[in-house]
Protein chains: 2
Amino acid sequence: MSRAANPRAAEQLSAAVWDVLAHQGLEHLTIRAVAAAAGCTTGLVMHRFPNRRALLRHARELLHERTRLRVEALEEAAGSPREALRAVLAQGLASTEAGTLESVVWIGFLAATVGDPELLELHRINTRAWRRRILRLVAATAPSWSADQVSTAALVLMGMAEGAAALASADPETYSPELQEAALDRTLTALGLS
Amino acid sequence: MSRAANPRAAEQLSAAVWDVLAHQGLEHLTIRAVAAAAGCTTGLVMHRFPNRRALLRHARELLHERTRLRVEALEEAAGSPREALRAVLAQGLASTEAGTLESVVWIGFLAATVGDPELLELHRINTRAWRRRILRLVAATAPSWSADQVSTAALVLMGMAEGAAALASADPETYSPELQEAALDRTLTALGLS
DNA sequence: CCGTTACCGTAACATCCGTTACGTGACCAT
DNA sequence: ATGGTCACGTAACGGATGTTACGGTAACGG
C-alpha cells in the first residue's frame with residue numbers, strides 16, 4: 001500500500017520536546033530545535049502534528065502518562081498506603097539527575113500554560129488526578145481524619161514536594177538530595193503519616 | 001542642558017514585564033508586547049536597556065526588591081519571630097489576586113532561567129537570601145533545634161509555600177485561599193512552630 | 001527667547017519563527 | 001518486477017522578533 005511509518009515517531013518527538021525544555025528552556029522551544037533534538041527535520045514534525053501547540057500538548061500528555069505509570073508501579077510495589085505515599089512523593093523530588101530534569105520540564109510546561117487554555121486544561125485534569133491519588137493514600141494512612149484534614153494534609157504534601165523540587169532543580173548545591181528527602185520525611189512525620 | 005527623562009521609566013517597564021508575564025506568558029514576552037503594556041514604543045525600551053535580557057534582569061531584580069521590602073515590613077510589624085514567620089510565608093501564597101499574579105510571574109521567571117546563566121544567578125542569590133531569612137526566623141522560633149533541624153524545617157516551609165502557590169495559581173478553584181492558609185497553618189503547627 | 005541636548009518615536013534591517021508546498025524515494029500490494 | 005502511495009526531506013513564504021539608525025521635539029541653560 002505505502003511506505004511504513006516510524007511507529008515511535010510521536011514518542012521520540014515528545015522526548016525531544018522534553019529535552020529542549022530541560023536544556024534550552026521554553027523560549028528556545030521551537031519546531032526546528034525539537035526536530036534537531038529528535039534527529040529529523042521540521043517536515044516530519046509538521047507531518048505528525050498539525051501545529052506547534054499540538055506537539056506541546058502531546059508531549060505534555062505523554063509525560064503525565066509516563067509519571068502515572070511509574071507512580072502506579074511504585075504504589076503497587078509498596079507494602080502499605082504509608083509506604084506508597086512516601087514513595088509516590090519521593091519520585092517527584094529533584095533528588096536524582098532524572099528527577100531534576102523532570103522538574104525543570106514541569107516548570108516549563110507550567111509556564112507554557114499561560115496563554116494556552118488547552119495546555120492549562122491538561123495541567124488541571126492531570127494534576128487533579130494526581131491530587132486524588134494523594135488524597136486516597138492520605139485517607140488510607142490516617143483513616144480517622146476528616147475530609148478537611150485529609151485535604152489540607154494533601155496540599156501540604158503536594159506543595160512541599162513540588163516546591164522543594166522546583167527550588168532544588170534551580171539550585172542543587174543548596175538543596176541536596178539528602179536535604180530534600182529529610183524534608184519529605186520530616187513533613188510526613190510531623191503530620192503523623194509515618 | 002537637555003530634555004528631562006522620565007525617572008520612573010525603568011520601573012514602569014519592569015511593571016509591564018510583570019504584566020505581560022502574568023497575562024500572556026513567557027512565550028509572548030517580547031519587546032513590542034512590553035512596550036505596548038507600558039504605553040510606549042520599542043524605542044524607549046531599547047533606549048533604557050541595551051537588550052531584551054537586560055530588561056528581564058532588571059524586572060527580576062526589582063521584583064525581588066519589592067518582595068524583600070514588603071517582607072521586611074511584615075517582619076517588623078510582627079510581634080514575634082513566630083508571627084513574622086507565618087506572615088512572611090503567607091504573603092507568598094496565591095490567596096489573593098495579587099498573590100496569584102505574582103506566583104505566575106515567579107514561575108515565568110523561573111522558566112526563563114533555563115538557558116540564561118545571569119538570570120539563574122539572580123534567582124539563586126535572591127532565593128538564598130530568602131532562605132536565610134526563613135532559617136533565621138525558624139531558629140528564633142525554635143531556639144533549641146539543631147542546625148540540621150532548622151535547615152530541614154526551612155525547606156519544608158519554603159517548598160510548601162512556593163509549591164502551594166504554584167498549584168493554586170494554575171487551579172484556583174481546587175485550591176482556595178482558605179485551603180492554602182490552612183495548609184500553611186497545619187505545616188507550622190505540625191512542625192511545632194505555632 | 002533661543003540654541004543645544006538627548007529623550008523618545010519612527011522606521012528599517014537581518015534573522016528567525018511557524019507553516020505550507022512540493023519533491024523523492026522507500027515500502028507494500030499486486 | 002512494478003506501480004502506487006504515503007512518510008519524510010527540502011525549500012520557500014509571510015510574518016514576528018531583536019536590534020539598529022535616524023529624525024523630531026520637548027525641556028533645560030543661557
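So you know, we letter chains A, B, ... as the sequences are listed, proteins then strands, and number each from 1. Since this is a predicted model, take the numbers as computed values, not measurements.
- For the pair Thr41(A) and dT10(D), the criterion of a side-chain N or O lying under 4.0 Å from OP1 or OP2 is not met.
- Between Arg136(A) and Glu75(A) there is a salt bridge, since at least one side-chain N of the basic residue sits less than 4.0 Å from a carboxylate O of the acidic one.
- In the helix from dC1(C)-dG30(D) to dT30(C)-dA1(D), the end axes, each obtained as the rotation axis mapping the C1' atoms of four pairs onto the next four within a five-pair block, lie 10° apart to the nearest 10 degrees.
- Atom-to-atom, CG of Leu56(B) to C1' of dT17(D) comes out at 14 Å; the value is rounded to the nearest Å.
- One atom, NE2 of His28(A), and another, P of dT17(D), lie 15 Å apart when rounded to the nearest Å.
- Rounded to whole Å, the distance from CD1 on Ile31(A) to C1' on dT20(C) is 12 Å.
- A salt bridge does not link Glu102(B) with Arg66(B): every distance from a Lys NZ or Arg NE/NH1/NH2 to an Asp or Glu carboxylate oxygen is 4.0 Å or more.
- Applying the side-chain contact (heavy atoms from CB on, under 4.5 Å) rule to Thr100(B) yields the partners Ala94(B), Ser169(B); only residues at least two apart in sequence or on another chain are considered.
- Hydrophobic cluster of Val114(A): the remaining members, joined at side-chain heavy-atom separations below 4.5 Å, are Val104(B), listed by chain and number.
- A salt bridge links Arg68(B) and Glu72(B); the closest N-O separation between the charged side-chain nitrogens and carboxylate oxygens is under 4.0 Å.
- Arg48(B) and Glu11(B) are not joined by a salt bridge, as no carboxylate oxygen comes within less than 4.0 angstrom of a charged side-chain nitrogen.
- Glu27(B) places its CD atom 14 Å from the C1' atom of dA16(D), with the value rounded to the nearest Å.
- His58(B) pairs by the ring pair (Phe, Tyr, Trp, His ring centres under 6.0 Å) definition with Phe49(B), not counting sequence neighbours.
- When rounded to the nearest whole Å, the span between CZ of Arg32(A) and P of dT15(C) equals 14 Å.
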Could you tabulate the donor-acceptor pairs under 3.5 Å formed by side-chain atoms of residues 36-47 of chain B, not counting sequence neighbours?
unit_1: Thr41(B); atom_1: OG1; unit_2: Gly43(B); atom_2: N; d: 3.4

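- Residues Ala4(B) and Thr42(B) each lie close to DNA chain C; by heavy-atom proximity, the contact nearer the 5' end of the strand is made by Ala4(B).
- A salt bridge does not link Arg53(A) to Glu118(A): none of the charged nitrogens lies less than 4.0 Å from a carboxylate oxygen.
- Near DNA chain D, defined here as any heavy-atom distance below 4.0 Å, the residues from residues 46-54 of chain A are His47(A), Arg48(A), listed numerically.
- To the nearest angstrom, C1' of dC6(D) lies 14 Å from CG of Asn6(A).
- Separating the CG atom of Leu44(B) from the P atom of dA6(C) is a distance of 17 Å, rounded to the nearest angstrom.
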